Amino acid sequence: MSAGNIEMLLARLYTDARFRETFLADPAGIARAQGLDEREVEALRSIDRDGLELAARSYAQKREAHARGRHRRSLAARILNRLWRS
Amino acid sequence: MGDGMDRVGVGWRPEIAALLARRFDEIDLVEVIAEYFMDRRGPAALRTLASEVPIMLHGVSLGLASAYPVDERRLSRLARLAEAARLPVWSEHLAFVRAGGREIGHLAAPPRTEATIEGALRNLARARAVVGTAPALENIATLIEPPASTMDECKWIGAIAACADAALLLDLHNLYANAVNFGADPHAMMHALPLDRVRIVHLSGGVWIGGRDGERQRLLDDHLHDVPPAVYDLLEALAAHVTHPLDVIIERDGRYPPIEALLAQVRAARAALARGRARTAMAVERLAA
């Protein structure tokens with residue numbers, strides 16, 4: 001399941017800074033070790049490094065924002081109940 | 001969706017709920033994030049909201065465009081919500097959000113390949129079976145072109161929408177950000193999509209990031225800024241191109257401006273739609289003359 005393997009690799013690259021550093025030192029080796037086929041390995045070898053870093057930073061900020069906003073779910077229902085009871 | 005008229009509204013968020021409730025007469029609809037309503041009280045709360053203003057349901061965490069099967073529990077919860085508020089129209093992103101037990105925390109673009117098209121189609125078939133209708137499919141913004149892609153974004157989206165016979169939710173700021181970040185013309189990119197399938201439109205804003213150590217700056221779709229003029233221009237062009245009605249939603253997820261400023265963006269979207277529709281009407285008149 002190479003399509004699944006590349007999603008797994010990308011998810012780890014977006015969420016694990018230490019793994020990202022290891023990967024960038026040897027992208028082809030890490031990609032092969034993840035079970036990607038040779039076409040995918042070549043694509044990963046020339047990955048857009050700036051884009052990867054910016055994307056990873058952006059996802060980290062989103063995760064922090066989600067962690068801060070976990071109360072939003074129950075907040076949504078509470079607010080609606082209050083608004084229409086008043 | 002509307003009965004022949006374009007509609008413009010905003011994304012309902014708890015932080016602006018009270019202010020918005022006093023101004024429902026100035027908007028046509030709201031879009032709610034399904035995940036905010038998935039607790040015990042969610043369905044009743046959604047019914048209450050639906051009794052005050054037309055609503056659309058929007059999912060952000062299914063991860064439909066993935067080789068992995070969609071999470072059945074999330075899908076069932078979404079189906080319960082759609083049923084509770086009698087909402088036949090819902091939408092989700094063409095994105096993956098988790099893999100190998102890792103939550104990315106936001107929407108990520110999978111490689112645009114035949115394999116991810118097949119994965120998305122399997123997940124869409126499952127979603128249709130559980131919820132009863134297929135979602136309108138939203139294009140996402142990405143700061144990195146997904147590696148190992150074998151086709152461009154428009155072809156990939158078009159193939160999924162055609163095979164699933166699904167409507168599209170066209171996020172014009174996502175499209176604009178991807179175009180400027182990867183060297184495409186936003187209008188040409190929009191016209192490369194199957195616009196006859198677009199029923200819902202998202203508008204939002206973003207910020208330029210990066211530029212450190214010689215890296216290229218990129219536009220981040222952060223939903224924290226006002227809709228830029230270039231995105232209204234795209235909306236006008238879309239309205240000039242399609243003949244069916246559009247539901248347009250202004251999205252904002254923080255740094256909320258005064259409600260008046262948000263409503264000004266609703267009015268600006270209505271004006272862009274009107275300009276686009278007028279262009280079509282004039283073209284039809286010219287042809288008839």
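Small disclaimer: the values here were computed from a predicted structure and weren't measured. First the proteins, then the strands, lettered A, B, ... as listed; each starts at 1.
Only the side chain of A:Y14 comes within less than 4.5 Å of a heavy atom of chain B; its backbone N, CA, C and O stay farther away. Proximity to chain A (any heavy atom under 4.5 Å) is restricted, for B:L220, to the side chain, taken from C-beta onward.
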query = Going through the distances and angles, do B:I33 and B:R13 end up as a side-chain contact (heavy atoms from CB on, under 4.5 Å)?
reply = CA-CA 8 Å; B:I33 303 285; B:R13 303 290 185 267; 3.6 Å; yes

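The contact list for residues 25-43 of chain A toward chain B, using heavy atoms and a distance under 4.5 Å, reads A:R39, A:E40, A:A43 by residue number. Listed in order of number, the residues of residues 46-53 of chain A that approach chain B to under 4.5 Å between heavy atoms are A:I47, A:D48, A:D50, A:G51, A:L52.
Inspection of the B:S149 and B:W156 side chains reveals no N or O donor paired with an N or O acceptor under 3.5 Å. For the residue pair B:D221 and B:S204, a side-chain donor N or O sits within less than 3.5 Å of a side-chain acceptor on the partner. Of the N and O atoms on the side chains of B:N178 and B:E153, at least one donor lies less than 3.5 Å from an acceptor on the other residue.
With respect to B:R112 and B:D152, no salt bridge is recorded, no charged nitrogen being found less than 4.0 Å from a carboxylate O. Using a 4.0 Å cut-off between a side-chain N of Lys or Arg and a carboxylate O of Asp or Glu, B:R74 and B:E35 do not qualify as a salt bridge.
Of the listed residues (B:H202, B:H106, B:H58), just one forms a ring pair (Phe, Tyr, Trp, His ring centres under 6.0 Å) with B:H93, and that residue is B:H58.
Between chain B and the options A:S58, A:A11, A:A60, heavy-atom pairs under 4.5 Å are most frequent for A:A11.
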